[in-house]
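So the structure is just underneath, and the comments pick up after that.
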Amino acid sequence: QVQLVESGGGLVQAGGSLRLSCAGSGRTFSRSAMGWFRQAPGNEREFVAAITWTGGSIYNTDTVKGRFTISRDNAKNTVHLQMNSLKPEDTAVYYCAATDGEALYRRLRWESDYDYWGQGTQVTVSS
């Protein structure tokens, strides 16, 4: 049973920080690309950040603008998203995703690029 479980969401005031975690089980994701997406009510699921198995990262700079950092700990089969300077527009359910392999030819910015998904964790940023 392959599973991704997000944690670390919650309620935070604007300008605050949260650290999201995603723990994988059922297989190793050490050679998978992993990503974070978010979805607010009434909106499409939006790419936030991704990290390759070698540690290279990409971000949706239009929305993140240097405030978020993605990282991974392969020994723990986990990926993290450090979220700083949070804004009310960051309010969404945040989802963790992983590819089945290296996914060298995927942009990693679309839901269809990923093979496994978590159930999401709610992040609410108050003004």
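The hydrophobic cluster containing V79 also contains V2, counting ILVMFWY residues as joined when their side-chain heavy atoms lie under 4.5 angstrom apart, directly or transitively.
R109 approaches D113 most closely through the heavy-atom pair N-OD2, 3.1 Å. Taking each heavy atom of A92 and A40 in turn, the nearest pair found is CB-N, 3.8 Å. The two atoms that bring S127 and A14 nearest to each other are CA-CB, 4.4 Å, heavy atoms only.
The hydrophobic cluster analysis finds W53 isolated: no Ile, Leu, Val, Met, Phe, Trp or Tyr side chain comes under 4.5 Å of it, directly or through other members. Cluster partners of F37 are F47, I58, V93, Y95, L108, Y114, W117, counting Ile, Leu, Val, Met, Phe, Trp and Tyr whose side-chain heavy atoms approach within less than 4.5 Å, directly or via other members.
Residue pairs meeting the side chain to side chain donor-acceptor pair (under 3.5 Å) criterion with at least one partner in residues 12-21, sequence neighbours excluded, are S17-N84, S21-H80. Pairs engaging residues 37-66 under the disulfide (SG to SG under 2.5 Å) rule: none recorded [sequence neighbours left out]. Within the structure, the ring-ring contact (aromatic ring centres under 6.0 Å, His included) test picks out the following pairs touching residues 2-34 (sequence neighbours left out): F29-Y116. Applying the disulfide (SG to SG under 2.5 Å) test to every pair with at least one member in residues 65-127, sequence neighbours left out, gives these pairs: C22-C96. Residue pairs meeting the side chain to side chain donor-acceptor pair (under 3.5 Å) criterion with at least one partner in residues 42-51, sequence neighbours excluded, are R38-E46, Q39-R45.
Not counting sequence neighbours, the partners of V12 by the side chain to side chain contact (heavy atoms under 4.5 Å, CB included) test are L18, L86, V125. Residues passing the side chain to side chain contact (heavy atoms under 4.5 Å, CB included) test with S85, sequence neighbours excluded: R67. In this view, R106 and D115 satisfy the salt bridge (charged side-chain N to carboxylate O under 4.0 Å, His left out) rule, not counting sequence neighbours. Not counting sequence neighbours, the partners of T124 by the side chain to side chain contact (heavy atoms under 4.5 Å, CB included) test are L11, T91, Q122. Partners of T28 under the side chain to side chain contact (heavy atoms under 4.5 Å, CB included) rule, at least two apart in sequence or in another chain, are S30, N77.
Note that the CZ atom of R72 and the OG1 atom of T54 stand 8.5 Å from one another [nearest 0.5 Å]. Annotation: the span from S126 atom OG to K87 atom NZ amounts to 15.5 Å, rounded to 0.5 Å. Atoms CG and CZ, from L81 and F68 in turn, are 6.0 Å apart once rounded to the nearest 0.5 Å.
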Going through the distances and angles, do L20 and Q82 end up as a side chain to side chain contact (heavy atoms under 4.5 Å, CB included)?
-> CA-CA 6 Å; L20 306 183; Q82 179 66 46; over 6 Å; no
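Taking the side chain as every heavy atom from C-beta outward, Y59 and K65 never approach each other to under 4.5 Å.
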